[in-house]
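See structure below.
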2 protein chains.
Amino acid sequence: MTEKSPASPAITERKRGSGVKMVYDMLRDEILDLKLAPGSPVDEMQLAERFRISRTPIREALVRLAGEGLIETLPNRSTMVSNIDFLNLNPFFDAMVLMYRVTTRLAAQHHRPEDLAVIRDHHEAYAAAVAARDALAMIATNAEFHAAIAEAGRNSYFTGLFRRLLDEGRRILRLYYNSYGEEFPGRFVEEHARLIALIEARDAEGADRMAREHAEQIVLQVQQLFSRKDPLNLSL
Amino acid sequence: MTEKSPASPAITERKRGSGVKMVYDMLRDEILDLKLAPGSPVDEMQLAERFRISRTPIREALVRLAGEGLIETLPNRSTMVSNIDFLNLNPFFDAMVLMYRVTTRLAAQHHRPEDLAVIRDHHEAYAAAVAARDALAMIATNAEFHAAIAEAGRNSYFTGLFRRLLDEGRRILRLYYNSYGEEFPGRFVEEHARLIALIEARDAEGADRMAREHAEQIVLQVQQLFSRKDPLNLSL
DNA sequence: TGCATTTTTCTTGTCGACAAGAAAAATGCA
DNA sequence: TGCATTTTTCTTGTCGACAAGAAAAATGCA
């Protein structure tokens, strides 16, 4: 649990049945935004106080987060936020590149008109975040943009894995912008627009190729992050 | 809940902290073996009686199963075992073929000696199940064999998705053997042996190609299942 | 007889308490 | 002073109860 405890939710009457989801949503966002740092402890009693709810729904939310790999639990021991294995990101990169390709290819093959509208909305939100130099929003809207593309591909297995990878990418990028916070890559706005055009044109090969290039740039960016001269002060 | 209630676990003293896992393991197996049929209701109170444990750990096990797509829950409504969308298995097939390829290729690249030993053990268990004409064991050991290959590839993202697909494949195949229960494909024993040899030889291309052929045969087998003249009496 | 409404029953979501296990602090000893 | 042991405190896993919401059954009416 971080020193700076985030604000409690509004203490209005909750509808019965919404407790677990409320806790899950908030904790998930905090993990992805690195407000809950990798490796930090997660204490049920403190969470129960903070959310003004009993421990049972807290625990259920934690089971759900554990199932998504965002936290780690062992019996009778305290839970903690999952670490990111920065020393071995290769499996992550491999999976990301392949999933960028597969989901974008499938979107080119299977999208529907309403899909394109959703994708465009997310594209606009991303462009706005870049223009506003809002790193948190940029990272989140980027993930949502690509997730919308995956949904348009209509394969829930790939979409599920890709969402998980996008989540992890959010944490990695959040750390990057925490430390450096300078680069707002306008060229990604342009690349996203090109991706949309290829998808709309149902050019599966073109979309696959572009998605690969796009993903490989992100991989390169993250790799360069770890070859910088100045240390990152990571607690590993 | 099926008419024929499976046996309760041994009512010995449980170690504190093992309750959720016990329930999870048993329910998961029953879902995968189709003892709990797709679409059937899941009742916490009955499970609590059956397992001689309070509802809280039951609920936690159910959250975990829901996270894996094996059951479906909505707030304030009864939970049920996930259906299998037999009318649209194409996403499943696409994901299976790709994951068979990716995991087998990665195993050829990254395996260690102890991995091969584990893979061989599972291969032998599969061969024994085929020889004994034990369909349940054959389905389970086949999944374990391929899961062990995926583990040898050392990419937990792909392994995670593949395990989920293998689980779903278990349910589909279980239904097949429930209905027809005749075919015990000895040639898959031979193909598994060949896969091992290619992996051991670190022939990534060969392993990828063979994995694709292998997976496409399974897809074909399942597809033929649904083009049979005699109806399956599926409740959809 | 068929439908709408009301009542009863059942199931789910959460509560707060108890106790086991782990972690931290205190004590004892060389 | 450093280590081992004991005691205390804290956290987790589970319990059983309460009440909200849903589903089933009963009642009322045309």
Side-chain angles (χ1 to χ4, degrees), chain A residues 1-3 5 8-28 31 36-37 39-67 70-82, chain B residues 1-3 5 8-28 31 36-37 39-67 70-82:
Chain A
M1 193 51 72
T2 58
E3 226 85 299
S5 183
S8 299
I11 316 296
T12 55
E13 300 236 329
R14 260 186 288 102
K15 194 159 164 189
R16 183 182 190 273
S18 65
V20 177
K21 185 176 189 298
M22 171 201 64
V23 173
Y24 164 81
D25 286 343
M26 284 207 71
L27 288 182
R28 183 176 174 277
I31 292 168
L36 292 179
S40 59
V42 175
D43 182 319
E44 296 171 13
M45 308 210 57
Q46 287 187 19
L47 289 178
E49 265 187 55
R50 176 181 153 202
F51 287 102
R52 305 290 168 85
I53 194 168
S54 130
R55 283 202 302 118
T56 309
I58 298 280
R59 289 180 60 82
E60 289 185 19
L62 294 181
V63 171
R64 199 168 157 197
L65 290 165
L70 292 175
I71 61 170
E72 288 169 16
T73 65
L74 280 173
N76 290 318
R77 274 166 170 63
S78 53
T79 292
M80 64 177 175
V81 177
S82 293
Chain B
M1 191 54 71
T2 59
E3 227 86 300
S5 182
S8 297
I11 316 297
T12 55
E13 299 235 331
R14 261 187 286 102
K15 195 160 167 190
R16 183 180 189 278
S18 65
V20 177
K21 184 175 189 301
M22 171 200 64
V23 173
Y24 164 82
D25 285 343
M26 284 206 71
L27 289 181
R28 183 176 175 277
I31 292 168
L36 292 178
S40 58
V42 175
D43 181 320
E44 295 172 13
M45 308 211 56
Q46 286 187 21
L47 289 179
E49 266 187 55
R50 176 180 152 203
F51 286 102
R52 305 289 168 87
I53 195 169
S54 130
R55 282 203 299 118
T56 307
I58 299 280
R59 289 180 60 81
E60 288 185 21
L62 294 181
V63 171
R64 198 167 157 198
L65 290 166
L70 293 176
I71 61 169
E72 289 169 14
T73 65
L74 282 174
N76 290 319
R77 277 165 168 65
S78 52
T79 292
M80 63 178 174
V81 177
S82 293

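The structure presented is a predicted model; accordingly, all values stated were derived computationally and were not measured. Every chain is numbered from 1, with letters handed out A, B, ... down the list of sequences. Values reported hereafter were calculated over all heavy atoms of this structure, with side chains retained and with hydrogens, waters and symmetry mates removed.
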Taking only the side-chain heavy atoms of A/T56 (C-beta and beyond), determine which of D/dG13, C/dG13, C/dG16 contains the nearest atom. C/dG16
pair_partner(D/dT14), Watson-Crick or wobble, both distances < 3.5 Å, evaluates to C/dA17
Sorted by position of nearest nucleotide on DNA chain C, 5' first, the leading residue of A/G17 and A/P75 is A/G17
Would you call B/R14 and B/I53 a side-chain contact if the rule is heavy atoms closer than 4.5 Å? yes
Out of D/dT14, C/dG21, D/dT11, minimum distance to the side chain of B/I53 belongs to D/dT14
Let me know the distance between CG of B/L47 and P of C/dT11, rounded to the nearest Å. 12 Å
Rounded to whole Å, how long is the line connecting atom CD of B/E44 with atom P of C/dT14? 11 Å
Would you say the side chain of A/F51 lies within less than 4.5 Å of the side chain of A/L27, judging by non-hydrogen atoms? yes
Among D/dG21, C/dT14, D/dT12, which nucleotide has an atom closest to any side-chain atom of A/V20? C/dT14
Where the side chain of A/R77 is concerned, which of D/dT12, C/dA23, C/dC15 is the nearest nucleotide? C/dA23
Report the base-pairing partner of C/dC29 (Watson-Crick or G-U wobble, both distances below 3.5 angstrom), or none. D/dG2
As a test of understanding, state which of B/L70, B/V23, B/L36, B/I71 forms a side-chain contact (heavy atoms from CB on, under 4.5 Å) with B/R28. B/L70
Quick one: is D/dG13 close enough that its OP1 or OP2 comes under 4.0 Å of any side-chain N or O from B/R16? no
With the side chain of A/S78 defined as its heavy atoms from C-beta on, choose the nearest nucleotide among C/dT14, D/dT11, C/dA22. D/dT11
Taking all non-hydrogen atoms of both residues into account, name the closest pair between A/G17 and B/P75 and its distance. O-CB, 3.8 Å
In whole angstroms, how far is the C1' atom of D/dG13 from the OH atom of B/Y24? 19 Å
Could you tell me the separation between the CZ atom of B/R52 and the P atom of D/dC15, rounded to a whole number of Å? 12 Å
What is the base-pairing partner of D/dA23, counting Watson-Crick and G-U wobble geometry with both distances under 3.5 Å? C/dT8
A/N76 atom CG is separated from C/dA23 atom P, nearest whole Å, by 10 Å
Under a 4.5 Å cut-off applied to non-hydrogen side-chain atoms, are A/V63 and A/R59 in contact? no
Without decimals, in angstroms, what is the distance between B/R59 CZ and C/dT14 P? 7 Å
To the nearest angstrom, how far is B/L74 atom CG from D/dA23 atom P? 11 Å
Presence of B/S54 side-chain N/O under 4.0 Å of D/dC15 phosphate oxygens OP1/OP2: yes
Could you state the CZ-C1' distance from B/R55 to D/dA20, rounded to the nearest angstrom? 12 Å
Closest approach to the side chain of B/P57, judged atom by atom: which nucleotide of C/dT14, D/dC15, C/dT12 is it? D/dC15
